[in-house]
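Naming: A, B, ... by sequence-line order, numbering from 1 per chain.
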2 protein chains.
Amino acid sequence: MVTLAEVAKCAGVSSSTVSYVISGKRSISEATRRRVEQAISDLGYHPNAGARALAGKRSHIIALVVPLRTDVYVPIMMEIAIAVTVAARQYGYDVLLITNDEGPEGVRRVAASGLADGVILMDVELDDDRIPVLRTQGTHAALIGLPDDTSGLACVDHDFAAAGAMCADHLADLGHRDVAFIGYSPVVYQRHAGYAERTLTGFQDRAAERGLRILHRPCEGTYDSTAGAFARILADRPETTGFVVQNEGAIGPLLSLLRTTGRIVPEDASVVALCPESLAEQYSPRLTAVTGPAEELGRVAVDLVMRRIEDGTPAEVTLLTPVLTTRESTGPAPRTR
Amino acid sequence: MVTLAEVAKCAGVSSSTVSYVISGKRSISEATRRRVEQAISDLGYHPNAGARALAGKRSHIIALVVPLRTDVYVPIMMEIAIAVTVAARQYGYDVLLITNDEGPEGVRRVAASGLADGVILMDVELDDDRIPVLRTQGTHAALIGLPDDTSGLACVDHDFAAAGAMCADHLADLGHRDVAFIGYSPVVYQRHAGYAERTLTGFQDRAAERGLRILHRPCEGTYDSTAGAFARILADRPETTGFVVQNEGAIGPLLSLLRTTGRIVPEDASVVALCPESLAEQYSPRLTAVTGPAEELGRVAVDLVMRRIEDGTPAEVTLLTPVLTTRESTGPAPRTR
DNA sequence: TTGTAGGCGTTATCAA
DNA sequence: TTGATAACGCCTACAA
């Protein structure tokens, strides 16, 4: 293994000079800098991570805590995880993957051991048991998702309320009067997952303003469950012409059901999905959808932790505005039924 | 921050004793062990990761290199990543997430810096440019996926050939004679992704043995692309009664198309999917499917690296046998058409 | 602009 | 069974 000292000898300088060339923390004459850099690449030197962490009091690692349970759409979690990793590299940081099966203890472990300089929590619940650990340990952290009490915490999340409202607006603008909202399974709402509630509330509030008549139906995301929800919607409010779906698993079934019951999309019924673009593009017809910027979520989370690590900037809550993309699944409400 | 020395003072022993209590590398009297453990928990001591790595020449971290491109079904990647993380913890190891946007250099970096003691490569291609780095650096590694030349490498993968063969057998057993295989997009085959080729070959070989007439149609996994493939299958071989799908995106569309064209599953047509259980269960009817054990893949990969790190066990190739689960989408071939 | 030297917290060797 | 103590490789005041 090549060490700083060997590079120094090779370049004919002291090891501190090599260290400073690498860190850039003091000015170096052009000549020696070049000799040092030459030596570094000649010998194939890579600074030892352990030694650096020990001496520098900074591991240059952040921990990303991912949930085991996965009712949130998995590809999005992955996209966020990758965005976090890529963004962290920009800061010279690496990302340690922590699963929640260790519970809050995992967070304590990586923070207390100095393994990680900071922590990013994914899929944060309203009353998340990892948060007390952060507070007592004074761990640098950023949360993806909004807990009950955000005081002193750096958080970033989609603006789900805005997303819900955008769906209501879009359908109202198109002249729909009766709209159904097909949501997540009841357990998601019971767990008070913030995103589900906030979307629904945003939708309901805006729907009320716009004078829409709405129906909310939870759904498991399977075909059978979707069929059940669909049947009850038609039974309760046959004049429904607009559908908002927030359950990825329910999209395919819903489109099938509309087709099977002789409803053409978008002539007879309009469908707005709350889902990633990649999904929206995959169906036929391609779906008008409200999408939150997953990649940005990860990037912002990294920015937040890094700021806390590097200069202890005070915490803040950031909500990212979703985007409604009009595709082929929505159109003007049918004139008559 | 609590250090070993502080624990030692608190317990009235030397710091080396504390170290040995923790590592268990030499016998300690019951009495001192208890005092030390008491001190550890009283003070809330956590060994410093950097110091441990430096002194012990082992970071207790393995790197997991995930692809950015993601034509492999993402939830499975995530399942493997989580399985790897959980399995690594059993060995007292943590997992560092590396994306492939750094290219092979990322592997070099984490290995050369001693950041990671070993590396797990996901989604290995036949001719993977990360492999030369492993070879020249002598990095401890395990590959998920089979490269061209596996010599000296520890690899684990699904037995895709067996999976393909199982599909052929199942449909042949049910009396089907004309079977179509809906695969991945042409680019996947052009890239010579091993899994796509091996599945197809396994299917074709067994189909030949069993006297099946087969048709292979690549597919992008969108509705339109699936519709195109489906139409060509019916045009070329209208008597087709069995379908094997290896493209997750094509499953939903295929079922829709069968329904739309008046074919009842499984009375008129049988469908076997090569996909994870969670997907197979989601459709209606629930799908007979051949599934590879994703979680085991991750676990075995960890076992392989750990063995190489801890006792340099020679490399080996492990193929995991998939499982065919019969559900509601396959039945006896229709007697006549 | 560059060099010297002490220390970071653990591990492991050598004694006792 | 336990205790000193010398590495481990890098960072960073402090000197020059």
For this session: Just jot down the side-chain contact (heavy atoms from CB on, under 4.5 Å) partners of Pro147(B), sequence neighbours excluded, or say none.
Result: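 Pro147(B) satisfies side-chain contact (heavy atoms from CB on, under 4.5 Å) with Val124(B), Ile131(B), Leu143(B), Thr150(B), Leu153(B), Cys155(B) only.
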Problem set entry | Contacts of Asp128(B) that satisfy salt bridge (Lys or Arg N to Asp or Glu O under 4.0 Å) - sequence neighbours left out |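 Here the qualifying residues are Arg130(B).
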For this session: Go through residues 49-63 of chain B and report each residue with a non-hydrogen atom lying under 4.0 Å from DNA chain D, sorted by number.
Result: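 Of all residues in residues 49-63 of chain B, the ones placing a heavy atom under 4.0 Å from DNA chain D are Leu54(B), Ala55(B), Lys57(B).
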For this session: Taking salt bridge (Lys or Arg N to Asp or Glu O under 4.0 Å) as the test, write out the residues that go with Arg26(A), two or more places apart.
Result: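 None.
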Problem set entry | Minimum-distance pair of heavy atoms, taken over all atoms of Tyr195(A) and Val188(A) |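 Looks like OH-CG1, 3.7 Å.
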For this session: Grab the CD-C1' distance between Glu30(A) and dT2(C) for me, whole Å please.
Result: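 Distance check: Glu30(A) CD to dT2(C) C1' gives 16 Å.
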Problem set entry | Sequence neighbours excluded, every pair satisfying salt bridge (Lys or Arg N to Asp or Glu O under 4.0 Å) that has a member inside residues 100-113 of chain B |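 For residues 100-113 of chain B, and leaving out neighbouring residues, the salt bridge (Lys or Arg N to Asp or Glu O under 4.0 Å) pairs sorted by first residue read Arg89(A)-Glu102(B), Asp94(A)-Arg109(B), Glu102(B)-Arg109(B), Glu105(B)-Arg108(B).
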Exercise. What pairs of residues pass the salt bridge (Lys or Arg N to Asp or Glu O under 4.0 Å) test when at least one of them lies in residues 301-310 of chain B, not counting sequence neighbours?
Worked result: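 Non-adjacent pairs meeting salt bridge (Lys or Arg N to Asp or Glu O under 4.0 Å): Arg307(B)-Glu316(B).
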Exercise. Which residues in residues 31-48 of chain A have at least one heavy atom lying under 4.0 Å from any atom of DNA chain D?
Worked result: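 Those residues are Tyr45(A), Pro47(A), Asn48(A).
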Exercise. Just how far, in rounded Å, is P of dC8(C) from CG of Leu115(A)?
Worked result: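 Distance, rounded to whole Å: 20 Å.
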Problem set entry | Pairs satisfying salt bridge (Lys or Arg N to Asp or Glu O under 4.0 Å), at least one member in residues 31-41 of chain A, at least two apart |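 Listed by first then second residue: Glu30(A)-Arg34(A), Arg33(A)-Glu37(A).
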Problem set entry | Phosphate OP1/OP2 of dT11(C): any Lys25(B) side-chain N/O under 4.0 Å |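 Answer is no, no contact under 4.0 Å.
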Exercise. Does Ser113(B) use its side chain to pair, donor to acceptor, with the backbone of His46(A) at less than 3.5 Å?
Worked result: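 No; judged by distance alone, with no hydrogens or angles, the pair does not exist.
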Problem set entry | Asp123(A) side chain reached by Ile144(A) side chain, heavy atoms, under 4.5 Å |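 No; the side chains remain at least 4.5 Å from each other.
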Exercise. Would a 4.5 Å heavy-atom cut-off, applied to side chains only, mark Val317(A) and Leu146(A) as touching?
Worked result: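 They are in side-chain contact.
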Exercise. Backbone N or O of Leu115(B) within a donor-acceptor pair of the Ser59(B) side chain at under 3.5 Å?
Worked result: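 Side chain of Ser59(B) to backbone of Leu115(B), a donor-acceptor pair under 3.5 Å: yes, one is there.
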Exercise. Which residues satisfy the ring pair (Phe, Tyr, Trp, His ring centres under 6.0 Å) test with His60(B), sequence neighbours excluded?
Worked result: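 For His60(B) the ring pair (Phe, Tyr, Trp, His ring centres under 6.0 Å) partners, ignoring immediate neighbours, are Tyr93(B).
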Exercise. Do other residues, nucleotides or ligands put more than 12 heavy atoms under 6.0 Å from Asp148(B) CG?
Worked result: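 Yes.
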Just the table, please: protein N/O against nucleotides 4-6 of chain C N/O, every pair under 3.5 Å.
{"residue": "dT4(C)", "atom": "O4", "partner": "Ser16(A)", "partner atom": "OG", "Å": "3.2"}

For this session: State, with a plain yes or no, whether a side-chain heavy atom of Val65(A) is found less than 4.5 Å away from one of Val110(A).
Result: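 The answer is no, as the side chains (C-beta and beyond) never meet within the 4.5 Å cut-off.
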Problem set entry | Outermost DNA chain D nucleotides near chain B [under 4.0 Å, heavy atoms] |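 Terminal contacting nucleotides, 5' to 3': dT1(D) to dG9(D).
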Exercise. Do Arg135(B) and Ser151(B) have side chains that get closer than 4.5 Å, going by heavy atoms?
Worked result: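 Yes, side chains in contact.
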For this session: Please give the angle, rounded to 10 degrees, between the axes at the start and the end of the helix from dT1(C)-dA16(D) to dA16(C)-dT1(D), where five pairs define each axis.
Result: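 Angle reported: 30°, given to the nearest ten degrees.
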